[in-house]
Structure formats: structure tokens, C-alpha cells
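Note sheet for the following structure.
Quick note: numbers below take in every heavy atom, side chains included, and nothing from hydrogens, waters or symmetry partners. For the single chain, residues carry numbers from 1 onward in sequence order.
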Amino acid sequence: MANYSAYMDKVILFDLGTQETSVLPWSDEDRCRYIGGSAMAAKLLGDSKNAADLIVITTGHSSCGGNFGLYLKKAGIDALVIKGSCEKPMWLGILNEHFTLHKAGGLWGKTVSTTNAELQAAVDEERNCRVKCGMLTIGPAGENGAAVATVASGDNDACTCSLGAVFGAKKLKAIVVTGNHDISVADEEKALENHKQWAQYLHAHPITGELLPKRGSIGFVERLQEVSLLPTENFSKAGCDFAHEIGGEVFADKYNVVNRGCTYCPIRCERSAMCESEVVKGPSLNAAVLLGSNILNSDMKLIVRWTKQLHELGLDLTHTAKAVAWAMQA
């Protein structure tokens, strides 16, 4: 057992080809030297003789957000390493340390939210109750091996690492994880006090306590415009005359439905908006800039729609939008 709290003492390797699981060694010395999900993943990849064949999933590795990391811990797993490939499209179900592959032919070609809804229904039906779980899902972009394909955790995307294409090459449509393990805390009283202190600090700060909760990350659009740093027309200019129209103040007044936030985050900087009679995740600063000023688009409704469409297809917004900006300028 690990002597460090919050660790579940399990690093599991799953082979998609043989459907076999094995526990990889991860000592307290490793936990001390490679603290955090990113360092842990780097070490696991570095130690592998065939890193190109692996998917390594840890908490905090790709800054994806969503709740998959939480439920991976609740399943009793600190890190999940996947190797091999499926012969046909499959999705992987994890209940605590039990792994099961299911046919996903009917899901292949479907968007992220449709896939998630059908998987949730399947898991609920199997266990005859509403199951709280985390999901990692790819869209058509990953299935077709697009270099800018992402993996989605709920409304959030693991961008910039082409992970969706790796899932697609392995014919792995999704991973659904749940469990009932408790996550230990060394000193719960001190942890709660520390949490309160940090929450108070964040709420008192002008950015995390004022700008982000009220305007979201797109509130920085106006700031970038003020200091002539707003990317415009494929980064050829630094500012535009319609910055206010794609900024946080206008979005908060005209489009925002309700504030959202990542799991356990006290800031709640995510926005939401209506898109074709559906409440969807609102655009981030990245979306407002790259789908707005950088392609000379001042229509916030289009930014919302395109953000949703890219997520559903499993396309990395950053790289896709930059390609569009380059093509428009060319």
C-alpha cells in the first residue's frame, strides 16, 4: 500500500488485443520523484520499450478538464496505460478494477455528445440505476485519423496532442469509468482549512474573483485589445474594431445562460449559451480569438456554433481555427 494519501496504489496496463490487465510497479519512491499526473505519465512513457503503441491516462496530464480523472481515482486507479488495438470498433468499460470491452460498431461515426448519451443509457440499463461515471470519447475526426483530433471528457477536450487519432487507430471509441473507492486525505481538517484559504484568496483576486466569474475567460478579449495584443487576421495585426462584440461583457449581457465550472473549482469561469435550442458550453478566450478576431468574424452566435461543432466532431479548435485563418489569408 502507498504511504502517500490520495494515491490509489494502482497503475494498470490494459491490452486491447488480448483483453488482459496487469499491474505495473509504482513505488513510494516513484510517487515522491514523479509527483503529479504529467510527471507520472512522462515516466511511464519513458520506461516503455514501445511508447508509440501506448496511451497513458493520468490525472492532470493533458489539462483536459472534465470529470474523468475523478472517476479514474474512484475506480482505484492512479494511471491507466493502454496498449494494442481492437480488431473492430469497441468501447472500454471500467468498474473499479474490472475491465470489459463492448462492441461499438453502432457508435462509430457518431458525434461526441450522441455517443456519450448512448453510452450513459447503456451503463444505466446494465446496472438498473443512474450511474455517475467519467467518459473519454472521440468523434469522427479521431476515427478517421485526423492529425488534429481530440479526445473529449464531457464538454472538455484534450487538445494539442492528436490523442483522438491514436484512439481511432486503436479502434477505441470511448472509455467509461466508475467506481466506489474512497480517496484518502492525510489530514482532512487541514485540507479543508487550506481549501478555504485558497478559495478566499481566489475570490479576493481581481481576476479569479471578479473578471473570470463575471465574464469568463473571454473577458480577457477586451484586455488584449487595450494593450494591442489581440490576434487579428491570421496574427498579422494586433487588434480590431469589433473586439467588444466578441468579448466577455457583451457575452455576459446577451448570450450567457448560466455559469459553469470544472469539478470542485470555486471560480466557475465556464460560460454557456443557446445553440439551435440547446444549451451548450460557451466559447473560451481561445475560441473567441481564433474563431473571432483572427478570422475577422464578429458574430458571437457563429463562434458559439463553430465551437460546438468542432467539439462534436472531435477536432482541436486551436489547430483547426489556425488552419482556417491561414487559408483565408492565403
Practice prompt. Would you check if there is a donor-acceptor pair between the side chains of Asn156 and Lys281 at a distance under 3.5 Å?
Written response: yes
Discussion item. Starting from Ile57, can I reach Tyr71 by hopping between I/L/V/M/F/W/Y residues whose side chains sit under 4.5 Å apart?
Written reply: yes
Item to complete: Could you walk me through whether Glu118 and Lys110 pass salt bridge (Lys or Arg N to Asp or Glu O under 4.0 Å), step by step?
Response: CA-CA 10 Å; Glu118 294 190 20; Lys110 293 187 176 181; 2.7 Å; yes
Worksheet item: If you take all heavy atoms of Pro283 and Phe251, which pair is closest and at what distance?
Response: CD-CE1, 3.6 Å
Worksheet item: So, is the end of the Arg31 side chain (NZ or CZ) under 6.0 Å from the ring centre of Tyr4 and within 45° of the ring's axis?
Response: no
Worksheet item: Any idea which heavy atoms bring Ile183 and Ala6 closest together, and the distance?
Response: CG2-CA, 4.0 Å
Worksheet item: For His181 and Glu97, what are the C-alpha separation, side-chain angles and deciding distance, and is it a side-chain contact (heavy atoms from CB on, under 4.5 Å)?
Response: CA-CA 10 Å; His181 287 268; Glu97 295 92 355; 3.3 Å; yes
Worksheet item: What is the minimum heavy-atom distance between Val250 and Glu245, and which atoms define it?
Response: CG1-O, 3.9 Å
Worksheet item: Does one side chain, of Asn294 or Thr232, offer a donor that lies under 3.5 Å from an acceptor on the other?
Response: no
Discussion item. For the CG atom on Asp253, are there more than 12 heavy atoms of other groups (residues, nucleotides or ligands in this structure) within a distance under 6.0 Å?
Written reply: yes
Fill in: Candidate pair Thr318 and Asn286, rule side chain to side chain donor-acceptor pair (under 3.5 Å), full reasoning
CA-CA 7 Å; Thr318 299; Asn286 205 35; 2.5 Å; yes
Item to complete: Report the C-alpha separation of Arg260 and Asp155 in whole Å, then their side-chain angles, then the decisive distance to 0.1 Å, and conclude whether the salt bridge (Lys or Arg N to Asp or Glu O under 4.0 Å) test is met.
Response: CA-CA 11 Å; Arg260 295 174 174 175; Asp155 289 335; 3.4 Å; yes
Item to complete: Apply the test salt bridge (Lys or Arg N to Asp or Glu O under 4.0 Å) to residues Lys171 and Glu143: give CA-CA distance (whole Å), side-chain angles for both, the deciding distance (0.1 Å), then the verdict.
Response: CA-CA 7 Å; Lys171 289 187 169 56; Glu143 298 167 2; over 6 Å; no
Discussion item. Using a 3.5 Å distance criterion without hydrogens, assess whether the side chain of Arg268 forms a donor-acceptor pair with backbone atoms of Asn259.
Written reply: yes
Worksheet entry | Asp124 with Arg130: basic N within carboxylate O range, under 4.0 Å | yes
Discussion item. Checking Glu278 against Lys308 for the salt bridge (Lys or Arg N to Asp or Glu O under 4.0 Å) test, could you report, in this order, the C-alpha distance in whole Å, the side-chain angles of both residues, the deciding distance, and whether it holds?
Written reply: CA-CA 11 Å; Glu278 178 187 6; Lys308 172 66 173 176; 3.7 Å; yes
Worksheet item: Relative to each other, are the rings of Tyr201 and His205 parallel, tilted or perpendicular (30° and 60° limits)?
Response: tilted
Discussion item. Taking atom CG as the centre, does Asn50 end up with more than 12 heavy-atom neighbours from other residues, nucleotides or ligands that are less than 6.0 angstrom away?
Written reply: yes
Discussion item. Under a 3.5 Å threshold, yes or no: a donor from one side chain and an acceptor from the other, between Asp15 and Gln19?
Written reply: no
Worksheet item: Should the pair Lys73 and Tyr7 be classed as cation-pi, given the thresholds of under 6.0 Å to the six-membered ring centre and 45° from the axis?
Response: yes
Worksheet entry | Closest non-hydrogen atom pair, Ser48 against Leu54 | OG-CD1, 3.3 Å
Fill in: Minimum-distance pair of heavy atoms, taken over all atoms of Leu291 and Ile303
O-CG1, 3.6 Å
Fill in: Nearest heavy-atom neighbours spanning Asp157 and Ala152
OD1-CB, 3.5 Å
Worksheet item: Parallel, tilted or perpendicular: which fits the ring planes of Tyr34 and Trp26, with parallel below 30° and perpendicular above 60°?
Response: tilted
Worksheet entry | Pair Thr150-Asp316, side-chain donor/acceptor within less than 3.5 Å | no
Item to complete: Using the rule that two of Ile, Leu, Val, Met, Phe, Trp, Tyr join whenever any of their side-chain heavy atoms come within less than 4.5 Å, decide whether Leu315 and Val280 are in one cluster.
Response: yes
Worksheet, complete the sentence: Sorted by chain and residue number, the ring-ring contact (aromatic ring centres under 6.0 Å, His included) partners of Trp306 (sequence neighbours excluded) come out as none
